[in-house]
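Structure, as structure tokens:
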Amino acid sequence: MMPTNTEHCARQPDATQASSQTLVSGPRVAKWYRWVPIIAGALALSAGLAAAEIGREVAIPRHLQDGEEFQLSIPELVAFGQKLFAANWTSQEGAGRPLTKGTGSPLSDPTRPLVFPRNFNRISAPDANSCAGCHDNPVVGGNGDLVGNVFVLAQRFDFATFNLLDALPTCETVDERGQHTTQQTIGNFRATPGMFGAGYIEMLARQMTADLQAIRNRLKPGQTAPLVSKGVSFGTLTRRANGTWDTSKVQGLAAPSLVSVSATAPPSLILRPFHQAGHVISLRQFSNNAYNHHHGIQPTERFGTDTDQDGDGLANEMTRADVTAVSVFQATMPVPGRVIPRDPAIEAAVLKGEAKFAEIGCVRCHVPALPLDNFGWIYTEPNPFNPAGNLRPGDAPTFSVDLSDPELPTPRLPVSAGGVVWVPAFTDLKLHDITSGPDDPNREPIDMNQPAGTAGFFAGNGKFLTRKLWGAYGKPNFYHHGLYTTMREAILAHAGEAESERLAFEALSPYERDCVVEFLKTLQVLPPGTTSLAVDERGEARIWPPLELLHVERQGAQVTLRWTPDSPLSPVPRRCQVQRSEDLAAGRWENRGEPTTATEFTDTSTSASGFYRVVLVED
């Protein structure tokens with residue numbers, strides 16, 4: 001029988017092991033990421049099997065069996081997912097893919113398998129021992145330095161060498177057209193993004209997809225309708241008189257989401273929030289792609305059970321439960337927040353920067369926050385829009401996790417009293433062409449949203465998902481390629497659909513431009529364990545924008561108060577309550593009037609002296 005990785009299961013620890021044996025090591029792991037008893041007897045190892053582990057060199061000696069994802073607590077499953085994400089895979093557990101490409105297809109030249117010394121290739125891959133080899137800043141699952149960039153689509157080659165003597169297409173250097181490639185044209189050079197808040201992003205995309213599909217489904221032949229979800233316009237969709245579909249006016253969606261072959265096969269209109277060119281639908285699809293591409297680890301749901309498609313002598317290298325665990329780990333990562341020093345000059349600059357960011361139109365695409373409603377913060381696996389080769393509804397029971405659960409790594413996004421979670425990611429989840437044309441060095445040589453080898457594929461790409469700015473300043477480099485070392489360079493590179501905003505930025509005074517940058521510098525990944533979404537330079541929670549009384553004036557029996565306004569970037573105006581006390585020592589405060597979104601209040605019902613304050617009203 002072919003060796004499998006799923007035969008090596010976890011032993012149920014005893015009472016002493018439960019407090020000392022960890023699934024994840026290292027100072028970056030939250031304290032509750034510990035291995036605790038799972039299910040009595042379910043994962044027991046016999047003494048003989050335990051002895052067989054001696055001398056075995058693997059990162060994951062114990063894989064989850066399908067179904068166990070429902071039997072672990074959420075913290076246990078997240079911890080195991082993190083272990084999978086940080087694993088340094090070895091050849092004894094399936095690392096490497098001797099006979100297949102990173103796309104999953106057979107090698108163009110199977111007589112030269114990808115075994116030592118051809119088992120790693122920095123361009124065509126396998127190119128990493130671990131997901132955390134690139135996604136590691138500032139913690140496991142984070143973003144990457146330039147050294148962690150990937151050559152997207154170079155994995156369609158066997159083993160990139162740029163050997164001018166090679167003539168076999170997609171083997172070493174020659175592409176599908178028979179043309180020799182270079183390091184600059186073999187693939188798209190992409191920076192490694194962080195996965196912070198990724199569960200909220202996927203759930204936004206699901207809800208917006210459902211909205212667009214509902215609009216599509218209501219269209220009758222001969223009708224046209226605007227495609228709008230959560231205030232974001234995706235252009236218009238037309239159904240011709242004969243029932244077929246015209247997507248020529250649809251905006252911001254990837255080409256595969258616009259394909260329609262007949263009146264009864266409408267365009268899917270699916271949002272694809274992952275990959276910087278908007279190619280991947282879900283964290284699960286992202287993970288299934290990456291494990292094969294970068295590590296040669298083949299999940300069973302993509303490559304089959306008890307099969308060895310890559311010819312490494314191992315089957316079942318990653319179970320369905322494993323993929324659920326690593327997907328949930330990414331989905332439950334904490335959200336980014338803001339770091340705003342308590343320095344008056346910096347505070348003033350940040351406030352002005354926010355105002356100018358909105359004023360010059362950056363919020364047209366970098367929408368400050370999008371709403372999740374209808375319990376959209378309940379993340380589920382699988383994604384209902386997953387493509388073939390990934391777990392789909394009906395293939396297994398649905399797994400759910402509440403992204404607002406305070407047991408998850410913090411900070412989390414709050415659920416308002418109105419049943420909405422505002423996701424402050426600064427994106428519209430649309431594709432925009434932000435290049436000036438074919439000669440713009442920011443364009444990519446290949447369009448990953450077109451079929452490989454076609455004219456469209458080689459026409460290049462200038463369309464990118466609106467960059468999620470939350471946490472952007474925690475990354476050491478900027479733009480889809482990561483070749484800019486400052487945020488200012490990235491702003492000045494905007495062209496095409498973003499040219500008017502760039503010109504407006506250039507028209508600002510030098511101080512105003514500095515203020516915009518200072519605002520962007522506050523968008524950071526917060527230290528592990530932080531619970532507030534806004535902190536100062538010492539990590540202490542703070543209210544932002546500051547709530548301060550600016551003016552108090554008494555005229556007879558009336559007292560008028562004015563206080564600082566809310567930020568123009570706030571999705572919902574903050575509500576404030578004026579309170580009055582006649583005895584500070586007693587600590588008794590009386591509400592005056594009702595909560596208000598205004599910045600001024602006149603108290604007409606007092607004649608005696610007193611103290612006033614303004615407090616935020618939490619939803």
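Residue numbers run from 1 in the order of the sequence given.
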Using atom types as modelled and distance alone, determine if a side-chain donor or acceptor of [X] lies under 3.5 Å from a backbone N or O of [Y].
X: K430; Y: L465; value: no
X: N149; Y: H481; value: yes
X: T410; Y: T530; value: yes
X: Q207; Y: L204; value: no
X: T209; Y: A205; value: yes
X: Q82; Y: F80; value: no
X: D308; Y: D312; value: yes
X: Q330; Y: V326; value: yes
X: R156; Y: I186; value: yes
X: N292; Y: N289; value: no

Could you give the distance from [atom1] ([X]) to [atom2] ([Y]), rounded to the nearest 0.5 Å?
X: D405; Y: Y379; atom1: CG; atom2: OH; value: 15.5 Å
X: I434; Y: C365; atom1: CD1; atom2: SG; value: 9.0 Å
X: I201; Y: K468; atom1: CD1; atom2: NZ; value: 5.5 Å
X: S404; Y: I378; atom1: OG; atom2: CD1; value: 6.0 Å

May I ask you to check whether N386 and S282 show a side-chain donor-acceptor distance below 3.5 Å?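 There is such a pair between these side chains.
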Under 6.0 Å between the ring centres of H480 and F464?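 Here the rings of F464 and H480 have centres that are less than 6.0 Å from each other.
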Under 30°, 30 to 60°, or over 60°: which ring-plane class applies to [X] and [Y], parallel, tilted or perpendicular?
X: Y291; Y: W89; result: perpendicular
X: H135; Y: F286; result: perpendicular
X: F375; Y: W377; result: tilted

Is [X] salt-bridged to [Y], going by a charged N under 4.0 Å from an acidic O?
X: E172; Y: R112; answer: yes
X: D158; Y: K101; answer: yes
X: K230; Y: D373; answer: yes
X: E69; Y: R320; answer: yes

side-chain contact (heavy atoms from CB on, under 4.5 Å) between D127 and Q155, worked out: CA-CA 10 Å; D127 53 1; Q155 72 269 25; over 6 Å; no
Against the six-membered ring of Y479, is R190 placed for a cation-pi contact (under 6.0 Å from the centre, within 45° of the normal)?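 No, R190 does not sit over the ring of Y479.
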From Q285, R302, E301, residue fulfilling side chain to side chain contact (heavy atoms under 4.5 Å, CB included) relative to L391: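 Of all the options given, the one that passes is E301.
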Please lay out, stage by stage, how L408 and I74 fare under the test side-chain contact (heavy atoms from CB on, under 4.5 Å). CA-CA 8 Å; L408 296 173; I74 296 297; 3.7 Å; yes
How far apart are the C-alpha atoms of L523 and L469, what are their side-chain angles, what is the distance that settles it, and do they pass the side-chain contact (heavy atoms from CB on, under 4.5 Å) test? CA-CA 7 Å; L523 304 174; L469 292 181; 3.9 Å; yes
